[in-house]
Number of protein chains: 2
Amino acid sequence: MGRVGIRDVAKAAQVSVTTVSHALNDRRGSRISAATKEHVRAVAEDLGYAPNRLASGLRNNRSYLIGLVSDEIATTPFAGDMILGAQDAAYERGCLLMMLDAGGDGELEKRQVSTLLQHQVDGIVYARMYHQRIGLPVELAGVPTVLLDAVSADEKVSSVIPDEVEAARLAVRSLVAAGHRHIGFINNLDDIPATHGRLLGYQEALKESGIEFDPALVVAGVPETNGGRAAAMDVLSGPSRPTALFCFNDQMAMGAYQAAGSLGLEIPRDLSVIGIDNLELIAAALWPGLTTMALPHYDMGRWAVKQLLNEIEKPDDVEPVQMMFDCPLVQRGSVAPPLQI
Amino acid sequence: MGRVGIRDVAKAAQVSVTTVSHALNDRRGSRISAATKEHVRAVAEDLGYAPNRLASGLRNNRSYLIGLVSDEIATTPFAGDMILGAQDAAYERGCLLMMLDAGGDGELEKRQVSTLLQHQVDGIVYARMYHQRIGLPVELAGVPTVLLDAVSADEKVSSVIPDEVEAARLAVRSLVAAGHRHIGFINNLDDIPATHGRLLGYQEALKESGIEFDPALVVAGVPETNGGRAAAMDVLSGPSRPTALFCFNDQMAMGAYQAAGSLGLEIPRDLSVIGIDNLELIAAALWPGLTTMALPHYDMGRWAVKQLLNEIEKPDDVEPVQMMFDCPLVQRGSVAPPLQI
DNA sequence: TTGAAAGCGCTAACAA
DNA sequence: TTGTTAGCGCTTTCAA
């Protein structure tokens, strides 16, 4: 581990450390002759010089470290792409991401944030596993922060979320486009933005197609497979069976598949199903594959870090922006025209 | 952001910075009177002092940063618990984890490692998404490293993997214990340690129960749902249908469910199924729930970091250890006695 | 165009 | 038991 430092380079290149520093960082262009710059760089390369970020960070008050604190993203399959997007964006701007996952433990999260700050992170991406409205933790006051898959009540800080209403609208529209007019909605019963947004989108899409909203066709459950199964069982056994089901998420859609199976309904012949999430592991594994709306996790992660770095790099105009991303439709095999139209 | 430093504390406590440093870090116990120590700590707490890890790291040659470089763990649902375990272990020892995911891009990975080293990480956990045998990247030479879910060909570095053979043995044993003697194996066709290890365990478990190995009962496919579906379709339509299926992983088991469904076989009445992975998202979502062997991801992640920190903290006896963890059985509802025995 | 030197916040060897 | 002070590796002001 013979770490080679800037002075080793200076010695080898027969110049001063100042010159080396300037040659490697070229700030003001007109500082150094092109020749020495080239020379110094060659020597540095030769010696395998790599800067010590601890030292430069200490001096510059800039660690090139970004903290990402989350509730459960890291460990659940739902939003892995958020991390990837964030990581990519950070890496492209010369930063590293330090990801911490408190698993929903508020006290732990507090300590994690403090540890992150001790390491002098340049800013923090505060991410939630699913779109929610939150109060910004006090320990983040004064720290450059961007919210990922969350909005703050006071909107004092930038945030990025998916457009729930539009996602639902597009999903239902695609069902309508396939010829369906009798469309059930398997909703989540949790009181979260997605629940309300998607219901709204569902209603709007129906309205714009001149289909009357029938409350009997929306039934809620816990947002997992069993909740979807029960709810689907319910609405499919009802008096007027829908020909298509819009499901709150892919897991509930999987439950709908199971309900359809046990009722002897074949997808998509007897029943079309569309989900939200594009959870590869489920959507692609179902048979037939599940048509679904992809949550723009990668883009959101990317945007959050990009915005954060922008705010860090010019802290003058810290105009917080509330961003929303669209959810693209991913077609597989679970939507077809209804049997008799 | 009025950062308060050690000298602020010193001034406020009316002592020197040395005293503050010692009071807060208590190295050699007998350095400072209990009274002043208490006093200094109180003042520090009061001022909200938090050490600057960049500065102390620079001074100590110890960043308290651990790098975790992986191929795809971060972004796929398979091994999230490895990260959690690693994070927990790091956090308990006062370290932070910097996770980088190259998505399988070797060049990128090389640069990521170099970035990590620039940030002076104390060591690196080199993790793979699934158990494999690898050559250690050259850029890691001389850097404290532990392999996670991988072993190095030369065994010069510590590593931790799951016990594939034992996992399969236990899975098959539990099928035998339920009364099955006609057990199929849906294997992966990739040439990786898990493929061979699990086949071996399958064979050993049969042998110890006095069941003859029938090559016609093992059929391989791509390790995903469709591969499992095709393979299961195959073996279940064959001349002597097994009463139970041991599947390479939970996704293939899901495929087996689909095959069973389309053949009119009810699980677990007509067919028992057992998987490996305990992929919550699938195992719990299937109906009935999938009985499966859990891969010890959390424990492996934890162990890797613990071992790494041990090696970092006393670099004298760097005796690399090759660790193996057992896979516990997670019972849900997919195993029952065979219909007629 | 280049170099000397101060100092980022902290620790620890040395002095008192 | 406590304080003074020299750096850790780097950037940058100021002088040459």
Side-chain angles (χ1 to χ4, degrees), chain A residues 1-41 43-44 47-65 94 115 117-122, chain B residues 1-41 43-44 47-65 94 115 117-122:
Chain A
M1 263 255 240
R3 308 274 312 114
V4 24
I6 201 176
R7 44 211 316 156
D8 300 300
V9 179
K11 196 170 299 172
Q14 312 260 47
V15 295
S16 73
V17 292
T18 312
T19 304
V20 175
S21 178
H22 280 108
L24 297 178
N25 296 320
D26 61 1
R27 281 285 141 77
R28 311 292 173 299
S30 56
R31 181 68 168 76
I32 275 193
S33 79
T36 42
K37 184 153 104 181
E38 262 327 300
H39 174 227
V40 168
R41 291 197 164 180
V43 172
L47 297 183
Y49 168 78
N52 181 328
R53 305 293 212 120
L54 254 37
S56 65
L58 180 59
R59 180 62 230 246
N60 293 333
N61 240 323
R62 185 90 157 69
S63 64
Y64 291 92
L65 256 26
T115 310
L117 293 177
Q118 289 183 16
H119 280 272
Q120 313 299 118
V121 292
D122 296 329
Chain B
M1 263 254 242
R3 308 273 311 116
V4 24
I6 201 176
R7 43 211 318 157
D8 300 300
V9 179
K11 196 169 299 171
Q14 311 260 47
V15 295
S16 75
V17 291
T18 312
T19 304
V20 174
S21 178
H22 280 107
L24 297 178
N25 296 319
D26 61 359
R27 280 286 141 78
R28 310 293 173 301
S30 56
R31 182 66 168 77
I32 275 193
S33 79
T36 43
K37 185 153 103 182
E38 262 328 300
H39 174 227
V40 169
R41 292 199 164 178
V43 172
L47 297 183
Y49 168 78
N52 181 329
R53 304 293 212 118
L54 254 37
S56 66
L58 180 59
R59 183 60 230 240
N60 294 332
N61 239 323
R62 186 88 157 70
S63 63
Y64 290 92
L65 256 25
T115 310
L117 293 176
Q118 289 183 17
H119 280 272
Q120 312 301 116
V121 292
D122 296 330

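Throughout, protein chains are lettered first and strands after them, A, B, ... in sequence-line order, and every chain is numbered starting at 1. The model shown is predicted, which means the values in this text are computed figures rather than measured ones.
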* Within the structure shown, what part of the strands sits under 4.0 Å from Ser21(A) by heavy-atom distance: base, sugar-phosphate, or nothing? -> base
Picking from [options], which would you name as closest to the side chain of [X]?
X: Thr18(A); options: dA4(C), dT11(C), dG3(D); value: dA4(C)
X: Thr19(A); options: dG3(C), dG9(C), dA6(C); value: dG3(C)
X: Val17(B); options: dG9(C), dT5(D), dC10(D); value: dT5(D)
X: His22(B); options: dA12(C), dC10(C), dC10(D); value: dA12(C)

* Structure fact -> For Ser56(B), the side-chain hydrogen bond (donor to acceptor under 3.5 Å, both in side chains) test, sequence neighbours excluded, returns none
Between [N] atom [atom2] and [X] atom [atom1], what is the distance in whole Å?
X: Leu54(B); N: dG7(D); atom1: CG; atom2: C1'; value: 17 Å
X: Ile32(A); N: dT12(D); atom1: CD1; atom2: P; value: 13 Å
X: Asn25(A); N: dC10(D); atom1: CG; atom2: C1'; value: 9 Å

* Asked: Does Ser33(B) put a side-chain nitrogen or oxygen below 4.0 Å from OP1 or OP2 of dT1(D)?
  -> no
* Taking only the side-chain nitrogens and oxygens of Asn60(B), find out if one of them lies under 4.0 Å from OP1 or OP2 of dC10(C). => no
* To do: Output yes when a side-chain donor or acceptor of His22(B) lies under 3.5 Å from a complementary backbone atom of Thr18(B), and no otherwise.
  => yes
* Could you check which residues of residues 6-16 of chain A get a heavy atom under 4.0 Å from DNA chain C? Sort them by number, please. => Val15(A), Ser16(A)
* Structure fact -> So the salt bridge (Lys or Arg N to Asp or Glu O under 4.0 Å) pairs with at least one residue in residues 47-64 of chain B (sequence neighbours excluded) are Arg62(B)-Asp122(B), Arg62(B)-Glu313(B)
My understanding is that only residues two or more places apart in sequence, or in another chain, count here; which of them pass side chain to side chain contact (heavy atoms under 4.5 Å, CB included) with [X]?
X: Val17(B); answer: Ile6(B), Arg7(B), Ala10(B)
X: Leu58(A); answer: Asn52(B), Ala55(B), Leu58(B)
X: Ala50(B); answer: Gln118(A)

* **5′-ward residue of the pair Arg59(B)/Tyr49(A) relative to DNA chain D** => Arg59(B)
